[in-house]
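Input: a single structure, listed below in structure tokens.
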Amino acid sequence: MSSENFGIVVHGGAGVLSGLSKEQQKIIEEKVSETVISAYKMLEQGGSSIDIVEYAVSEFEDSPLFNAGRGSVYNANEIQEMDASIMHGKNRSAGAVASVKKIKNPIKLARKISEYTEHVLLIGDGAESFAQSIGETIVDPSYFYSEKNLLRLRKQKKLTSHDNIIQDKIGTVGAVALDKMGNISAGTSTGGMTNKMPGRVGDSPLIGAGTWAQNDVCGVSSTGHGEFFIKYQVAKEVCTRIEYLGQSLNEASSKVIGELYDIGASGGLIAIDKSGNVAMPFNTQGMIRGSLTNKSKLNIAIY
Ligand code: ASP
């Protein structure tokens, strides 16, 4: 089925984000804007949603501005363990990686898992040996070194309260696209949460929690306190409400994010439906986000 509508929506994480100077905000907004515009042009030229999602997420992974790839945060042992997933809504093909330490672009490896293996999720050493066997780019963990994130970890270790842990969270990334063929794809990538236990896996690499794409319904990428997003299967939940309750994208996604707020779960999501409508609700002070579709203007915002 082809669609006359198409578009892209991205996020760079939800959180308090109060430590961002005006200058930092501008740099982030510029990166988001450039990525959204390039992704939109690819869609306009007939590009496929899965390629565009991989492109947008890997652009953010290559930037130290976000908590994914190069900007990943540290776990309690001062190690960066990354998670990512990607899904194509046409046939529900999906791939994911968790706890990888040497993969330059976890989102690219996630896609290759979906295309070259019979599995959905590979973790740690197994994921890295697979990457090596197919020539995926492997880097020394020092490539991801971030002084800022190490300081963030050390500061956080001195805090005990749950609130502080949530508040200091930064920028997981995600993208969702609808292409002219009517295919919806979604992807998410993250370093997880600062000071997480070694081996902890969040929602980002879990299909249904961090990422979901279903043609004829919608695609979603989540960001927030992963444990809640897993337990409430947030990404799939939004699509399920549209499919079975007949809610609009806006209604379904805002309600889910509102319900999370009511139980003390912070975060947000981005979504696009089969008609090219976009939603970007969050229950935190801010969420780095951007969208552009054939029927709506470029929208880039943090707060
Ligand atoms: N959801 C991510 C995780 O729990 C973190 C985030 O989105 O900021 O790993």
Side-chain angles (χ1 to χ4, degrees), residues 9-20 28 32 57 60-61 63 65-69 71-76 79-86 96-101 106-107 110 121 123 144 146 149 152-153 156 162-176 186-212 220-238 253 256-257 260-261 263-271 280-289 302:
V9 53
V10 302
H11 72 78
V16 171
L17 304 166
S18 55
L20 294 177
I28 291 171
V32 173
V57 173
F60 293 157
E61 288 177 336
S63 160
L65 295 171
F66 308 97
N67 172 20
S72 290
V73 299
Y74 287 87
N75 72 14
I79 291 173
Q80 289 149 303
E81 292 181 324
M82 290 155 257
D83 303 333
S85 63
I86 193 162
V97 288
S99 282
V100 290
K101 303 187 195 74
I107 196 74
L121 171 62
I123 64 163
F144 301 103
S146 160
N149 287 343
R152 178 188 294 274
L153 169 70
Q156 194 154 299
H162 183 71
D163 282 350
N164 285 327
I165 291 171
I166 305 310
Q167 285 189 11
D168 200 32
K169 207 168 45 58
I170 56 158
T172 288
V173 306
V176 187
T188 311
S189 181
T190 189
M193 292 174 83
T194 296
N195 204 23
K196 64 185 179 182
M197 283 175 72
R200 177 266 190 189
V201 174
D203 59 317
S204 309
L206 300 184
I207 298 301
T211 299
W212 186 257
V220 177
S221 168
S222 316
T223 171
H225 193 168
E227 281 67 15
F228 289 98
F229 281 69
I230 294 170
K231 291 186 277 192
Y232 288 82
Q233 286 289 293
V234 170
K236 168 82 168 85
E237 179 70 19
V238 170
S253 57
V256 168
I257 292 301
L260 287 170
Y261 180 78
I263 54 163
S266 64
L269 61 84
I270 53 165
M280 307 189 279
F282 53 96
N283 64 29
T284 45
Q285 193 189 76
M287 180 171 80
I288 298 165
R289 60 200 187 279
I302 298 182

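Residue numbers run from 1 in the order of the sequence given. Both counts, for ligands and for their atoms, begin at 1 and track the order of listing.
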Within ligand 1, which atoms have a heavy atom of [X] less than 4.0 Å away?
| X | answer |
| --- | --- |
| Gly226 | 4 (O) |
| Asp203 | 1 (N), 2 (C), 3 (C), 4 (O) |
| Met193 | 4 (O) |
| Thr172 | 2 (C), 5 (C), 6 (C), 7 (O), 8 (O) |
| Ser204 | 1 (N), 2 (C) |
| Thr223 | 6 (C), 7 (O), 8 (O) |
| Gly192 | 9 (O) |

Considering only heavy atoms, does Met287 approach ligand 1 within less than 4.0 Å through its side chain, its backbone, both, or neither? neither
Looking only at heavy atoms, is any part of Ala14 under 4.0 Å from ligand 1, and if so is it the side chain, the backbone, or both, or is it neither?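 No part of Ala14 comes within reach of ligand 1.
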Least distance between heavy atoms, [X] atom then [Y] atom:
| X | Y | value |
| --- | --- | --- |
| Ile107 | Ala84 | N-CB, 3.9 Å |
| Asn67 | Val73 | OD1-N, 3.1 Å |
| Thr194 | Gln156 | O-NE2, 3.2 Å |
| Ala209 | Gln233 | CB-NE2, 3.8 Å |
| Phe66 | Ile288 | CE2-CG2, 4.2 Å |
| Leu269 | Val234 | CD2-CG1, 3.9 Å |

Does either side chain, that of Ser189 or that of Glu61, offer a donor lying less than 3.5 Å from an acceptor on the other one?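 The answer is yes; a qualifying pair exists.
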Going by heavy atoms, is Gly224 under 4.0 Å from ligand 1? yes
Which option, Glu227, His225, Arg200, owns the non-hydrogen atom nearest atom 4 (O) of ligand 1?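 It is Arg200 that holds the nearest heavy atom.
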Please assess Thr211 against Thr188 for the test side-chain hydrogen bond (donor to acceptor under 3.5 Å, both in side chains), listing each intermediate value before the final yes or no. CA-CA 6 Å; Thr211 299; Thr188 311; 2.7 Å; yes
